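For reference, the structure discussed in these notes is given below.
Just so it is clear, the model here is predicted, and its values are computed rather than measured. The chains referred to below are lettered A, B, ... by the order of the sequence lines, with proteins before strands, and numbering in each begins at 1.
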Number of protein chains: 2
Amino acid sequence: MLGQVAVNESHCHFRPHQFLAREDEQPESIFRIDEGWACRYRLLPDGRRQITGLYLPGDICEPHWALGKRPSQPIVALTNVRAARLSSTPHGSFSAETQQACWKNLAEVIERQTNWLVTLGRKTALERLAHLLLELFERMRASGLAYGQQCAMPLTQMEIADLTGLTPVHVNRTLQTMRARGLVELQSKWLRIPDLASLRDAAALTPNEMLV
Amino acid sequence: MLGQVAVNESHCHFRPHQFLAREDEQPESIFRIDEGWACRYRLLPDGRRQITGLYLPGDICEPHWALGKRPSQPIVALTNVRAARLSSTPHGSFSAETQQACWKNLAEVIERQTNWLVTLGRKTALERLAHLLLELFERMRASGLAYGQQCAMPLTQMEIADLTGLTPVHVNRTLQTMRARGLVELQSKWLRIPDLASLRDAAALTPNEMLV
DNA sequence: CGCAATATTGATTTAGCTCAACAAAGGTGG
DNA sequence: CCACCTTTGTTGAGCTAAATCAATATTGCG
């Protein structure tokens, strides 16, 4: 959907834990993730961590760099990542096509962040996990990476904890509850959702809440 | 800073609890808040509420409507609000000046939302309140509405609770702790911050975190 | 003055956290 | 292919920050 390799693209890849960007770095380009997962996060003085955004294949990383902002948070690969470096002219501008993709992506980011404010502010552990797994599945499906009712899910429980504002231990226990209730099947980095409707229910979505 | 009344502006005002926008409405224009406070929020099926954004004087409401999105959340006045209706041409486009303001605002919104993800995901009640009061003060100061170390603070404890993901009762108790520690003075809708540095400390901000 | 909204206080409960083992998986080098 | 070691996942026991429930003050306003 985002087109093949355009004129000024170059490819690069990253291993897990490698940085795509560091704080306050000058971003001379933005990426389109072609394969693998990455995230941005913030670390509190005492070590607490919150992941504030997830980049899946097809995502632009970071759209708002195109608005002239510089990274305020590190971005790190969670798996092996293959990405296209969308190059800019010397003046820091991008192709019209790229700008288009950025804005679309930007609007999605705001929408998703808003959804997560609600989840982190008001939802229980089970609702949070349901929201997360649902969102992952829907996003993977939207980019053609879901197969039937399943998709890859490479996150560790620790990473899930840092996304949902829970502890790893509690993530573990809550996932077990969800498995016991037949809400999800989750094993060896693979997610299956037997019944989308009941998972949606469990996520306490607002009527209006579209996840992608 | 955002200029005086431009050619195609018209003014309007709202009373507390009046809607500036409802869900799924077609927004034929966007607003610049000139006076008063408003917020957008989301309601869960069982009545839990999370406020997902606050509009203070000078803010654009909503910048991303200009990106062609329609409201996915209601926006409601918290106080008396005076606003300028920034009109668009029949084609839905805005003046260059307005677009400029939108993008600046948009970048700020993303930055602030990200900060709040961290706070809602990982911070204690006292840290949340410190973050909120600090942000309010800094934003008010940035638009020239702070007087020395104080500014207006019209929110009720219930509204503060819906912003910080806490219960009103716990907000009350935590504010008392903060007052006792000399972190804030807060009475009759007026906020005073005796020592910005210690409140900043109490908010557990990341080194990088600029609030406005 | 009287009513409704807001703020405060106390007593109790609970969802989720902490601490501490231990078990499985997975990758690496021999 | 196996032995080792690190990372990830699982389980148990106890603790605590914040929620809940229930009054009672206080404030502001018509």
Side-chain angles (χ1 to χ4, degrees), chain A residues 15-17 37 44 46-50 76-80 119-133 152-180 184-191 202 204, chain B residues 15-18 37 44 46-50 76-80 119-133 152-181 184-191 202 204:
Chain A
R15 306 225 144 263
H17 305 116
W37 294 23
L44 297 193
D46 65 355
R48 281 171 286 177
R49 182 171 89 139
Q50 177 67 41
V76 74
L78 296 168
T79 65
N80 284 316
T119 289
L120 294 178
R122 290 300 187 195
K123 291 189 189 171
T124 65
L126 196 145
E127 290 165 341
R128 292 176 194 212
L129 291 174
H131 177 175
L132 178 64
L133 297 177
M153 215 304 287
L155 301 175
T156 66
Q157 292 184 359
M158 163 110 190
E159 286 156 354
I160 295 175
D162 286 341
L163 277 158
T164 52
L166 303 167
T167 56
V169 172
H170 199 56
V171 166
N172 184 294
R173 293 196 229 267
T174 307
L175 284 178
Q176 287 179 57
T177 305
M178 294 177 76
R179 283 191 272 244
V184 295
E185 286 161 39
L186 187 53
Q187 59 198 292
S188 53
K189 307 300 177 195
W190 207 250
L191 167 68
Chain B
R15 307 225 144 264
H17 305 116
Q18 243 189 302
W37 295 21
L44 298 193
D46 64 354
R48 283 172 285 176
R49 184 172 86 138
Q50 177 68 41
V76 73
L78 296 168
T79 65
N80 283 314
T119 289
L120 295 179
R122 291 301 187 194
K123 291 189 189 171
T124 66
L126 196 144
E127 290 165 341
R128 292 175 195 213
L129 290 174
H131 176 174
L132 177 64
L133 297 176
M153 216 304 286
L155 302 175
T156 66
Q157 292 184 357
M158 162 111 190
E159 285 155 354
I160 294 175
D162 286 341
L163 277 158
T164 52
L166 303 167
T167 57
V169 172
H170 199 56
V171 166
N172 183 295
R173 293 197 230 265
T174 308
L175 284 177
Q176 287 180 57
T177 305
M178 295 178 76
R179 283 190 273 245
R181 293 195 197 165
V184 295
E185 287 162 38
L186 187 52
Q187 58 197 291
S188 53
K189 307 299 175 193
W190 206 249
L191 166 68

Could you give the distance from [atom1] ([X]) to [atom2] ([Y]), rounded to the nearest 0.5 Å?
| X | Y | atom1 | atom2 | value |
| --- | --- | --- | --- | --- |
| B:Leu166 | B:Asn172 | CG | CG | 12.0 Å |
| A:Leu78 | A:Glu159 | CG | CD | 5.0 Å |
| A:Lys123 | A:Leu120 | NZ | CG | 9.5 Å |

Would you mind reading off the distance between [X] atom [atom1] and [N] atom [atom2], rounded to a whole angstrom?
| X | N | atom1 | atom2 | result |
| --- | --- | --- | --- | --- |
| A:Leu126 | C:dA15 | CG | P | 12 Å |
| A:Lys123 | C:dG16 | NZ | C1' | 18 Å |
| A:Gln187 | C:dA24 | CD | P | 16 Å |

Nearest non-hydrogen partners of [X] and [Y], listed with the distance:
| X | Y | answer |
| --- | --- | --- |
| A:Leu132 | A:Thr164 | CD2-CG2, 4.1 Å |
| B:Ala161 | B:Pro168 | CB-N, 3.6 Å |
| A:Lys189 | A:Leu155 | NZ-O, 3.5 Å |
| B:Asp162 | B:Gln50 | O-NE2, 3.1 Å |
| A:His170 | A:Thr174 | O-OG1, 2.7 Å |
| B:Gln18 | B:Arg15 | OE1-N, 2.6 Å |

Any [X] side-chain N or O less than 4.0 Å from OP1/OP2 of [N]:
| X | N | answer |
| --- | --- | --- |
| A:Gln176 | D:dT11 | yes |
| A:Lys189 | D:dT7 | no |
| A:Arg48 | C:dC17 | no |
| B:Asn172 | C:dA7 | no |

For nucleotides 14-17 of chain D, which of its nitrogen or oxygen atoms have a protein nitrogen or oxygen under 3.5 Å away, and what is each distance?
none

- Sugar-phosphate, base or nothing in reach of B:Arg122, heavy atoms under 4.0 Å: nothing
- Note on the structure: Side-chain contact check for B:Leu166: nearest option of C:dT8, C:dG16, D:dA18 is D:dA18
- Query: Near DNA chain C, under 4.0 Å by heavy atom, which residues of residues 152-162 of chain B?
  - Reply: B:Thr156, B:Gln157
